[in-house]
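The block underneath contains the structure these notes are about, expressed in C-alpha cells.
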Amino acid sequence: MSRPAPVRPATSAMLALRTTPPILLGRGARLVERNVLAYRQAWLVFVSGLLEPVFYLFAVGVGIGGLVGDVTTSDGTTVPYGVFVAPALLAASAMNGAVLESTFNVFAKLKWGKLYDAVLATPLQPRDIAVGELTWALLRGAFYAFGFLLVAWISGLVVSPWAVLALPAAILIGFGFGGVGLVVTTYLTSWQDFDLITMALLPLFLFSATFYPIQVYPAALQPIIFLSPLTHGVELVRSLMLGDLRIALLGHAAVFVAMGLVGLRVANRRFGALLLK
Amino acid sequence: MARAVTLRVVEGHARHYRHTWRGTTFSTIVTPVLFLSAMGLGLGGLVDAGRAEALGGVDYLTWLAPGLLAGAAMQNGAGDGTFPVIAGIKWLKTYEAALSTPVRPADLALGNLLWATARASIAAVVYVMVASAFGAMTPGRGLLAAVPAVATAAGFCAVISAFTAQLRTDQGLAAIQRFLVMPLFLFAGTFFPVSQLPDHVEWLAWFVPLWHGVELARALALGTSPAGPWVLHVGVVAGFLAIGVLLSVASFQRRLHR
C-alpha cells in the first residue's frame, strides 16, 4: 500500500500559477498532468512498453535478418537487413503506440471512467481534452522512440548521425496517427469495434515498405502502397537513419502534419458534440 | 473430472458467441491472408534470394506457414485464458451465476478450455484452407499439422487461465501478453529457425512448449523429421497440456470455492 501524498496548503501565488494556462498547450496541460499522476501507480506497465518494439527489432532484425542477408534500398545502397528494417519498426511502433493510446485508453476514459464528464466540470474545454490526450500520447511515444533508438544504436544498427532526427520524426508520426485515432474513438460504440482498429493497423504494419523495399511489389501495386500513411513514415525515418537527406522528406512529413491538425480539429468538435449535449 | 454438466458450460460459451462471432470471423480469415502474403510472399522473396539454406531446402512461404499455424493457435488459446476468465470471475460475474446451478469450479475450468479448443480448432482449419490456397501446404498435411498446433493452444489456455483465475486486477494480463505470448510468437521457431539465435540462448528453445508444437506442426506439414525425437516433442506438448489442465482446475477451485 502506498501512503497518500501529504496535502500542502496552497498559497494564492501557487493557485494563480496553477490556474494560468500554459501558452502552448492551454489547459490541456492539466490533463497531461492528470495522466502522469495516474501512471505513477502503473509505471511498470508504462516502462515495459519499451520491450515490444525491441523484441521485434531482435526477432526481425537479427533472426530474419540472418536469413535475408543484405538488402538494396530505394536509393540503390546495400545495407544489412537489420539496418534496413530497424527504422520501419520504429515508425510502426510510433503508429501503433499513438493509435492504441488515443483509441483504447481514451475510449475507456470516455465510456466507462466517465473521466471527461468530470474534466468538463472544471474550466477545461473539449479542445483541452483533445490537445491534452494527444500531447500525453506523444510524450509516451517519445519515451518509447528514445528507448528504441538507444537499443538500435547499441546494437550497431544506427549508421548515420542524422538518426537523431528520427526521434522528432517518430513523434510527428505519432501526431498524425494520434489525431486520427482521437476522431475514430468518438465514433466507437463497443469493444467489438476494436477488432476493426486492429484489422486496419495490421495491413498498414505489414504492407508499408516495412519489411522489404517497395520494389519487391509488382509495379502495378507500388502506387497503392503509397496510399498507406505509414509508408511515408517509414520513408521518412528510414532516410533519416540511413543519412539520406532529401527535399522529398518534407513531403512525407507534411502527411502527418495534415493528419494531426485535421484530426485535432475534428476531434475537438466531436468531443464537444458527445460531451456537451 | 469432466462431467456431462461441463458441456453445459461449453454450451453457454457457444450461445454467447452467436452474438459476437462476426468480428472474430473477419479477423480469423483476414489475418492469415495478410501474414502469408506480406511475410511469406513479400519477405520470402528476400529470404529465398538470400541465405535460405538455413531452412533445409524449402522456400520461405512453405517453411513459415506451419510455424504461423502453431504460433497463431497459441495466441488464440492464450487469449481465451485471459480476459474471458477474469471477466467471468470478476467483471461480469457469470461464473458466480453458473455456480448457483449444479456447475462446479472444475466444470468452469474445463468448459472454458474445451470451448477455447473448439475455437482454436476452427481457426486452425480456416488457416489451413487459406495456406493451401496460397500453395504453402496441402490440405491433408495441413490438417495433420493442425493437431499439435491446437494441442499447444489448449495447453497455453489451461496454464494461463490457472494464472488468471488468481488475479485481483487485470494488470497481470498485460504482462502475460508482453512477456510471454508476444516473445514466444516471435522467437519460438515461428518466423525463423532457432538456429539463427545466438548460440548461448538457442538451447532455451527445448524448454519452450510452443517450439515443440512448432517443430511437430512443421514436420507434419513438410513431411520431414523434427529437430528431436518425435516422442520427445509429443511428450512435451501432451505433458504441458496435462499439467495445465490440473493447474487450471486447482486454481479455479481455490478461487471460486467459498
Side-chain angles (χ1 to χ4, degrees), chain A residues 41-72 80-81 84-85 104 108 112 190-218 221 225, chain B residues 19-31 33-55 60 63-64 83 87 91 169-175 177-179 182-198 201:
Chain A
Q41 307 295 320
W43 63 270
L44 205 62
V45 173
F46 190 96
V47 172
S48 70
L50 273 176
L51 286 174
E52 194 154 317
V54 171
F55 281 146
Y56 264 97
L57 183 64
F58 283 111
V60 181
V62 179
I64 298 180
L67 298 176
V68 171
D70 292 343
V71 256
T72 308
Y81 186 64
F84 172 81
V85 86
F104 279 77
W112 289 298
S190 77
W191 278 126
Q192 258 85 44
D193 295 342
F194 283 102
D195 270 343
L196 297 176
I197 296 179
T198 6
M199 276 291 102
L201 287 181
L202 188 61
L204 292 184
F205 178 49
L206 292 174
F207 297 102
S208 296
T210 21
F211 294 104
Y212 35 89
I214 197 159
Q215 296 93 308
V216 170
Y217 293 96
L221 276 181
I225 302 302
Chain B
H19 301 289
T20 56
W21 61 273
R22 282 173 195 84
T24 52
T25 312
F26 185 62
S27 52
T28 306
I29 298 171
V30 174
T31 309
V33 173
L34 295 176
F35 263 102
L36 286 172
S37 43
M39 307 300 277
L41 294 176
L43 185 65
L46 293 185
V47 172
D48 296 338
R51 305 168 181 157
E53 63 276 1
L55 304 180
Y60 187 63
W63 186 89
L64 173 73
F83 286 100
W91 298 337
T169 74
D170 63 332
Q171 273 193 24
L173 299 183
Q177 169 65 26
R178 201 160 264 166
F179 296 111
M182 217 264 304
L184 287 185
F185 182 64
L186 291 175
F187 291 101
T190 38
F191 289 96
F192 56 89
V194 292
S195 59
Q196 295 296 313
L197 291 170
V201 292

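Throughout, protein chains are lettered first and strands after them, A, B, ... in sequence-line order, and every chain is numbered starting at 1. As the structure is a prediction and not an experimental result, all values here were calculated from the model. Atom set for the values below is all heavy atoms of this structure, side chains included, hydrogens, waters and symmetry mates excluded.
Taken from CZ in Phe55(A) to CZ in Phe185(B), the straight-line distance is 14.5 Å, to the nearest 0.5 Å. The CG atom of Leu57(A) sits 11.0 Å away from atom CG of Leu186(B), with the distance rounded to the nearest 0.5 Å. The distance from the CZ atom of Phe58(A) to the CG atom of Leu197(B) is 11.5 Å, given to the nearest 0.5 Å.
Using a 4.5 Å heavy-atom cutoff, the side chains of Leu51(A) and Met182(B) are not in contact. Side-chain atoms of Leu206(A) and Met39(B), non-hydrogen and from C-beta on, do get closer than 4.5 Å to each other.
Residue Trp91(B) places its CH2 atom among more than 12 non-hydrogen atoms of other residues, nucleotides or ligands, all under 6.0 Å distant.
Contact tally against chain B (heavy-atom pairs below 4.5 Å) for Val62(A), Val71(A), Asp195(A): the top residue is Asp195(A). Contact tally against chain A (heavy-atom pairs below 4.5 Å) for Gly45(B), Gly50(B), Ala54(B), Gly42(B): the top residue is Gly42(B). For the options Ala175(B), Pro198(B), Ala174(B), Pro183(B), heavy-atom pairs under 4.5 Å to chain A are most numerous at Pro183(B). Taking Gln171(B), Glu53(B), Arg178(B) one by one and counting their heavy-atom pairs under 4.5 Å with chain A, the maximum is reached by Arg178(B).
Within the 4.5 angstrom heavy-atom criterion, no atom of Ser195(B) approaches chain A. Of the atoms belonging to Leu55(B), it is side-chain heavy atoms, and not backbone ones, that fall under 4.5 Å from chain A. Contact annotation for Val47(B): both backbone and side-chain heavy atoms come within less than 4.5 Å of a heavy atom of chain A. Residue Tyr217(A) does not touch chain B at all, counting heavy-atom pairs closer than 4.5 Å. When heavy atoms are compared at a cutoff of 4.5 Å, Phe211(A) approaches chain B by way of both its backbone and its side chain. Heavy-atom distances place the side chain of Phe187(B), and not its backbone, under 4.5 Å from chain A.
Phe179(B) pairs by the ring pair (Phe, Tyr, Trp, His ring centres under 6.0 Å) definition with nothing, not counting sequence neighbours. The ring pair (Phe, Tyr, Trp, His ring centres under 6.0 Å) check on Tyr60(B) picks up nothing, with sequence neighbours excluded.
Closest approach of Leu34(B) and Pro203(A) over heavy atoms only: CD1-CD, 3.7 Å. For Gly69(A) against Arg51(B), the heavy-atom pair with the smallest separation is CA-CZ, 3.7 Å.
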Item checked: side chain to side chain contact (heavy atoms under 4.5 Å, CB included) assessment of Val68(A) paired with Phe192(B) -> CA-CA 11 Å; Val68(A) 171; Phe192(B) 56 89; over 6 Å; no
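A distance-only check finds a donor-acceptor pair linking the side chain of Tyr212(A) to the backbone of Ala38(B) [under 3.5 Å].
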